[in-house]
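Below is one structure, written out as structure tokens; the observations come after it.
All ligand and atom numbering here is 1-based and tracks the order in the structure.
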Amino acid sequence: MNIQKNHSLKKYNSFSVETKSRYFCQIASNDHIDALLEWRQQSRLPLLLLGGGSNILFINDYQGMTAVIKTKGIVIVNEDSNYTYIKASAGENWHQFVRWTVENGYAGLENLSLIPGTVGAAPMQNIGAYGVELADVLYELEAVELSTGKRKIFSQQECLFHYRDSFFKANAFGQYLIQSITIKSPKKPQWKIEYSGVKESLKAQIINAETISNSIIALRQSKLPDPVVIGNAGSFFKNPLLSQSKWQALKELHPDLSGYPQADELMKTSAAWLIDQCGWKGKRKGNAGVYKKHALVLVNHGDASGEEIWKIANDIINSVNDKFGIKLEVEPRVINC
Ligand code: EPU
């Protein structure tokens, strides 16, 4: 394992923010994982595990070790009458994994096409789009406990998935390195095409994993920016969950506000709509801004610093709070050493 000092992370975060890590390495094998854990025990410095860096904002330099997970491999591990079980290593690119399943005739991941990031990062925030979450398709995952080096299998239930949340994000943050995930691909798929825009874009095509995946790719490309072209971290805010009383009061004032019923009588509403109503869509402050086609996405127009992006994020939180009395929660991890 090759350890570098004061290494730039610009290429390793999808916001393309210039920032440095005091130590840096890439993890491509189990031996590298063991070496990393040993290094960590000896140095006692903080450890930041990075996948595609697509859900992170660096406000300043990182004072510990950044380890980028690069392990590769996709393999069919089991099959029964209902499912095919497919295991993918943490360092695989998420979208390439989705396309591998689609092109090999396996259903289940098609709605999650074109989500940036890696396989290992997907369970952290239970990635979701167009009516499907990772929780719906994950069978189990394998993780290494950082303090002991022990490998552990987590069943789907043990991952404690919720909307953009998991055991690894909420309960055991920084305690595990996710090594691989195993998904279960149904042999008799129930296609999810009810989400607004999906059915329309399928038009008269035959409905299968390939056509749904292609439609989702086109939909995402039509309204979300490609991080290779313009730095961003996808949705910067979570859709807020409102109590029934708060929801009723808002809906009376704003009949066009959309709401999606959740567990515990909560109502999920659209953060993009709230931000849009405050006039933020397409606004720019220096090199940081709000994407012109989607109010939930903050973008780096050039050489924005993490601080500039964080400033606009906080201005948005304050104006939504002032206008609607709702405090938006940030979705990506914010590193502020
Ligand atoms: N809307 C606006 N203004 C905008 C954009 C959207 O008012 O600029 C309103 C519209 O009424 C629209 C509604 O918001 O109908 C919902 O918009 P959209 O379908 O784009 O979904 P979203 O709730 O804004 C979520 C995920 C996205 C995911 C889409 C599609 C979160 C935080 N975001 O966005 O995930 O792609 O649904 O399923 O849950 C990501 O996590 O990075 C991400 C892009």
key: Atom indices of ligand 1, in the order listed, that fall short of 4.0 Å to a heavy atom of Ala295   = 4 (C), 8 (O)

message = Regarding ligand 1, does Arg164 bring an N or O atom to under 3.5 Å of one of the ligand's N or O atoms?
response = yes

Over 12 non-hydrogen atoms of neighbours within 6.0 angstrom of NZ in Lys187 = yes

task = Enumerate the atoms of ligand 1 whose separation from the nearest heavy atom of Arg220 is less than 4.0 angstrom.
result = 36 (O), 44 (C)

task = Kindly indicate whether a cation-pi arrangement holds for Lys192 with Tyr130, taking the cut-offs as under 6.0 Å to the six-membered ring centre and within 45° of the axis.
result = no

message = Taking 4.0 Å as the limit for heavy-atom contacts, which would you say applies to Phe237 with ligand 1: side chain only, backbone only, both, or neither?
response = backbone

task = May I ask you to check if Lys152 and Phe154 form a cation-pi contact, with NZ or CZ under 6.0 angstrom from the six-membered ring centre and within 45° of the axis?
result = yes

ask   = Does the protein put a heavy atom less than 4.0 Å from atom 40 (C) of ligand 1?
value = yes

Glu331 N/O under 3.5 Å from ligand 1 N/O = yes

key: Ring centre gap for Phe24 and Tyr12 strictly below 6.0 Å   = yes

query = Can you list the atoms of ligand 1 that are under 4.0 Å from a heavy atom of Ala129?
reply = 36 (O), 38 (O)

message = Among all the protein's non-hydrogen atoms, which is closest to atom 29 (C) of ligand 1, and how far away is it?
response = Tyr195 OH, 3.9 Å

key: Numbered atoms and elements of ligand 1 in range of Lys281, under 4.0 angstrom, heavy atoms   = 3 (N), 4 (C), 8 (O)

inquiry  = Suppose we screen for side-chain hydrogen bond (donor to acceptor under 3.5 Å, both in side chains). Which residues come up paired with Glu210, at least two apart in sequence or across chains?
reply    = Arg99

ask   = Hey, is Ser270 touching ligand 1 through its side chain, its backbone, both or neither, going by heavy atoms under 4.0 Å?
value = side chain

note = Residue pairs passing the salt bridge (Lys or Arg N to Asp or Glu O under 4.0 Å) test with at least one member in residues 18-41, sequence neighbours excluded, are Asp34-Arg151

key: Lys/Arg cation over aromatic Tyr85: Lys184, 6.0 Å, 45° cone   = no

query = Hey, is atom 15 (O) of ligand 1 under 4.0 Å from any protein heavy atom?
reply = no

Leu112 side, atom CG; Trp94 side, atom CH2 - distance, nearest 0.5 Å = 5.5 Å

request  = Please check if a non-hydrogen protein atom sits closer than 4.0 Å to atom 10 (C) of ligand 1.
outcome  = no

